[in-house]
Amino acid sequence: MISDKDVVRGALQAYVDKDREAIEQLIAENFHFSSPLDNRIDRDAYFRLCWPSSRNMDDFEIVRMASDGDTVFVTYVGTMSGRRFRNTEVHTLHDGKIVEVEVYFGWNVPHGVAEGQHADPK
């Protein structure tokens, strides 16, 4: 049986491979997605609004991954159209399928703010 961590790795790889069929096999019918831009959108809205960004996805470098019960936490550095960024995602799985994803946007790599500084020092 495939582990929940492997399911999450497979979903990330599907973005890199632009393989919608692969990711559709990993996402449950009752799937929901949240991010700073999306408030628990359903599977259809996810594929309509979010999946098209896969065409620009170059790579995911997993920094850390941990699981707790049916939840997988993953922090990665992604590369999209040559631009690197860091995000953390929380995936909830049931019966080997992803039912919920929460994405927390990170920062650009390299960080756009000097170490020890705030973005808007006043």
Side-chain angles (χ1 to χ4, degrees):
M1 184 169 131
I2 187 169
S3 74
D4 287 349
K5 287 181 179 180
D6 286 337
V7 171
V8 172
R9 281 187 195 94
L12 294 174
Q13 190 61 47
Y15 263 84
V16 173
D17 296 342
K18 290 100 177 107
D19 188 344
R20 181 165 170 164
E21 185 176 326
I23 199 167
E24 283 189 19
Q25 298 302 311
L26 301 173
I27 293 178
E29 290 299 320
N30 61 337
F31 173 80
H32 288 90
F33 179 86
S34 298
S35 78
L37 304 175
D38 308 282
N39 188 359
R40 209 161 182 271
I41 61 175
D42 66 16
R43 189 178 199 270
D44 290 339
Y46 169 80
F47 279 114
R48 187 176 69 254
L49 300 169
C50 302
W51 177 253
S53 69
S54 69
R55 70 178 156 255
N56 300 316
M57 186 56 63
D58 302 320
D59 188 39
F60 288 103
E61 175 187 330
I62 295 175
V63 175
R64 73 181 56 84
M65 181 180 276
S67 60
D68 182 22
D70 63 358
T71 304
V72 175
F73 305 86
V74 60
T75 299
Y76 56 78
V77 173
T79 304
M80 181 180 277
S81 299
R83 182 182 67 85
R84 298 181 76 214
F85 60 94
R86 185 177 177 114
N87 288 351
T88 293
E89 298 186 1
V90 180
H91 295 245
T92 303
L93 293 91
H94 290 285
D95 298 324
K97 300 259 186 180
I98 302 169
V99 295
E100 188 97 29
V101 173
E102 297 173 17
V103 177
Y104 298 91
F105 292 174
W107 53 78
N108 292 333
V109 177
H111 203 297
V113 177
E115 187 171 339
Q117 298 298 310
H118 185 273
D120 187 21
K122 291 184 181 181

*Say you draw a straight line from OH of Tyr15 to CZ of Arg55; how long is it, rounded to the nearest 0.5 Å?*
11.0 Å
*asked:* Please tell me whether Val109 and Val16 are part of a single hydrophobic cluster in this structure, the criterion being side-chain heavy atoms less than 4.5 Å apart.
replied: no
_Qualifying residues under side chain to side chain contact (heavy atoms under 4.5 Å, CB included), relative to Leu49, sequence neighbours excluded_ = Ile41, Ala45
*Taking ring pair (Phe, Tyr, Trp, His ring centres under 6.0 Å) as the test, write out the residues that go with Phe31, two or more places apart.*
Tyr46
*For Gln25, enumerate each residue passing the side chain to side chain donor-acceptor pair (under 3.5 Å) test, keeping only those at least two apart in sequence or located in another chain.*
none
_Please enumerate all residues that pass side chain to side chain contact (heavy atoms under 4.5 Å, CB included) together with Val63, with sequence neighbours excluded._
Thr75, Val77, Arg86
*Quick one: salt bridge (charged side-chain N to carboxylate O under 4.0 Å, His left out) pairs with a partner in residues 56-81, sequence neighbours left out?*
Glu61-Arg84
*Residues two or more places apart in sequence or in another chain: which of them pass side chain to side chain donor-acceptor pair (under 3.5 Å) with Asp19?*
none
*Can you list every salt bridge (charged side-chain N to carboxylate O under 4.0 Å, His left out) pair that touches residues 32-47, not counting sequence neighbours?*
Glu29-Arg43, Arg40-Glu100
*Can you name the nearest heavy-atom pair linking Met80 to Ser53, along with the distance?*
CE-O, 3.7 Å
*asked:* Can a donor-acceptor pair be found, under 3.5 Å and without considering hydrogens, that links the side chain of Lys18 to the backbone of Met57?
replied: yes
*Listed partners of Ser3 passing side chain to side chain donor-acceptor pair (under 3.5 Å), at least two apart*: Asp6
*Might you point out which heavy atoms bring Ala28 and Val99 nearest each other, and give the distance in Å?*
CB-CG1, 3.6 Å
*What pair of heavy atoms forms the shortest contact from Ala11 to Leu26, and how long is it?*
N-CD1, 3.4 Å
_The criterion is salt bridge (charged side-chain N to carboxylate O under 4.0 Å, His left out); which residues satisfy it with Arg48, sequence neighbours excluded?_
none
*asked:* To the closest 0.5 Å, what do you measure between NE2 (His32) and CD (Glu102)?
replied: 12.5 Å
*Any idea which heavy atoms bring Trp51 and Phe47 closest together, and the distance?*
CB-O, 3.4 Å
*Apply the test side chain to side chain contact (heavy atoms under 4.5 Å, CB included) to residues Leu93 and Val8: give CA-CA distance (whole Å), side-chain angles for both, the deciding distance (0.1 Å), then the verdict.*
CA-CA 9 Å; Leu93 293 91; Val8 172; 4.2 Å; yes
*asked:* Listing request: all ring-ring contact (aromatic ring centres under 6.0 Å, His included) pairs with a residue in residues 73-106, at least two apart in sequence or in separate chains.
replied: Phe60-Tyr76
_I need the Asp4 CG to Asp95 CG distance, nearest 0.5 Å._
10.0 Å
*Would you name the heavy atoms of Val7 and Gly96 that are closest together and state the gap between them?*
CG2-O, 3.7 Å
